[in-house]
Amino acid sequence: MASHTPTLCGVVHQLVVKPVFDAPEPREKLYAHFMARAAWYGSRIWMRQDMLVTRYGVLPKELDTFQGYATTFLCNLGNYYGEGDQKFVPDLSAEALHKIAAISPKAKDRLRKIIGPLENAQSAYYPGTEHISHEEIAKMSKVMEQYNIGPENTRVRKLLQDGKPVDQLLQASAEISVSDNTSQGLADGIVLVKRDYSEELSKVCLALKIAEQHTSNSKQLQFLTHYIECFRTASLEAFQEVEHLIGFIESYRDPAGIRSEWEAMIGIADPGEASRLKRLVESSTAIICHLSWAVEGVNDDKGLYEKSLFEAFDFTSVHALAVCGSIVFEAANLPNEKTCGFKNVVLTNRLTANNPKFLCDWVNPSEVKQFKEIMHIVRYVATAIHELLGHVTGKPLSESAPGTYNFNKKSPPISPITGELISSHYLPGQTWGSIFGKLAEITSDDRNLEALEHYNIEIQSWGQVHHQAHFSILKHLQDGGDVIRIDHDPANSSLTVHVDRNKFTSHGKPALGRYLCDLYIWRCTADVAACKELYEPLCAVDGEDEQWKQIVCSKPKPRWKFVQPNTFVNGDVVEMKVYEERNK
């Protein structure tokens, strides 16, 4: 994988939350503080999942460069960008790194162990002394299905024992259940081992237990009970009882696209801002009836690929107090997989940090002013629609148990793509994540040219699924009646995107409708083969696309970094410390 060097000019932003944090009652502040402690304790799991990671004669420039690298590392909780899956390294010589590490014997020892080539390194989702193949990972997934073990909070470690290969399924938990052993044989050569990340999860559970003492209502107490049960025993059933945004959630970083990274967001709601999203929530059912797969007169005009009751839960605007993960995201969908409920969250203090001075290298100069004026509004509306509808529309046609279906198996619905009866569905124990793998997050994303920065030509792989989806939409619209045209000037290394506004309704809307309908139906019917057939060619970067990528990468935009506040308990009072927007 190609490496990138963080630039010193990277923008550092405060995640401003103090004015909102000062408003709640003392009990609520204590609750928020201990929830944030639990989130940050868990962040050590993320770093273990991901990283390989002037009295000493250090020059000022070397120190500045290292501090720029260090803040980027801390913001991403590792040496990979949360957005783009791109590794970054310090722009320092080995000599300079040794001088900096000389301030601490422990640092010197750690540097000695990691500096230089790591020929046998592999993802920390698959630790161990032996290399594990895709076929072995697939075999493990089938065994997990048989035992109804979810993959989100697991890793796989391959070892040699008495000369024979053994695959250990490591399951994250603070402790084992009373009825469980530490390890359990699942199949020949496959063993389940609990207590992975037990030290970190024990601290998470302790902080959540203290937070229980400061809850304001029974719902908070109920949520914490399920969280603690999940992190203590590895029970994903307990996890699925709550709308979650703390724990093992997204599978972006696992090379196989199955296992999830730790992430957590603790936010403080602002009722005034949340009320602005209320109208969108109230209109959601009506909007669904206008989507390209809806059928008039069937299931209240929603069609057979939607749940009978689309229950639009809260759409909350919050100010993030702690965002612990590889990226400070703008919004999120909080799924409750067991009951199909959800809560949508917009992080107001992240969205409002968007920089109005960003460069518009690919926009026609005559349109730059208007582009900047409306970009924030468009981004906000698109994010809101994406979270409210993009993640939760659709009913996966499933066999939940042998012989039990959530659709009419004898008279299955007709596919709007082929015009024929559907021939695939989810089997017991299967989820869209386990079936689609890396395509899973893409088939739930409904959102351009800058996406090419996140494509690695050497290994022909995309570093971030959202950008992969953006590029596929761009390619699809280029084939959809010239709604979008890109002028390429090789002599000046420039690209300019032109949009034909006269074709928005006549060509652009139908083209997007067809594309979204295809992805949607394939996701609902577990048809991964058909999905790959259409989607993978749209994501291919070849021919002129490779020249575009070279131009895009020659004009990189500075990566953002966020400095977050910290909270401390002083007696019965919670105090907040705010840090300056700088690397030091």
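Using bins of under 30°, 30° to 60° and over 60° for the plane-to-plane angle, the ring pair Tyr69/Phe73 lands in the tilted bin.
Among residues two or more places apart in sequence or in another chain, the side-chain contact (heavy atoms from CB on, under 4.5 Å) test is passed with Val143 by Tyr147, Leu186, Ala187, Ile190. Asp188 is linked by a salt bridge (Lys or Arg N to Asp or Glu O under 4.0 Å) to nothing, counting only residues two or more places apart in sequence or in another chain.
Between the NZ atom in Lys139 and the CE atom in Met144 there is a gap of 14.5 Å [rounded to 0.5 Å]. Note: Asp167 CG to Met140 CE = 5.0 Å, rounded to the nearest 0.5 Å. Distance CD/Gln550 to CG/Asp545: 11.5 Å, rounded to 0.5 Å. For the atom pair Ser472 OG and Gln468 CD, the distance stands at 7.5 Å (nearest 0.5 Å).
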Test side chain to side chain contact (heavy atoms under 4.5 Å, CB included) on Val156 and Arg259; report intermediate values, then the result.
CA-CA 10 Å; Val156 179; Arg259 293 168 171 83; 3.4 Å; yes
### Message
One pair to check against side chain to side chain contact (heavy atoms under 4.5 Å, CB included): Gln564 and Val328. What are the steps and the verdict?
### Response
CA-CA 10 Å; Gln564 301 188 39; Val328 180; 4.2 Å; yes
Given Phe239 and Asn153, is the side chain to side chain contact (heavy atoms under 4.5 Å, CB included) satisfied, shown in steps? CA-CA 11 Å; Phe239 194 56; Asn153 60 348; over 6 Å; no
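The side-chain tip of Lys29 points at the ring of Phe21 from less than 6.0 angstrom away and within 45° of straight on.
Ion pair Lys209/Glu212 flagged as a salt bridge, since at least one NZ, NE, NH1 or NH2 atom sits closer than 4.0 Å to an Asp/Glu carboxylate oxygen. Contact check on Lys18 versus Asp22 returns a salt bridge, with a Lys/Arg side-chain nitrogen under 4.0 Å from an Asp/Glu carboxylate oxygen.
A ring-ring contact (aromatic ring centres under 6.0 Å, His included) with Trp262 holds for exactly one of Trp40, Phe231, Tyr125; it is Phe231.
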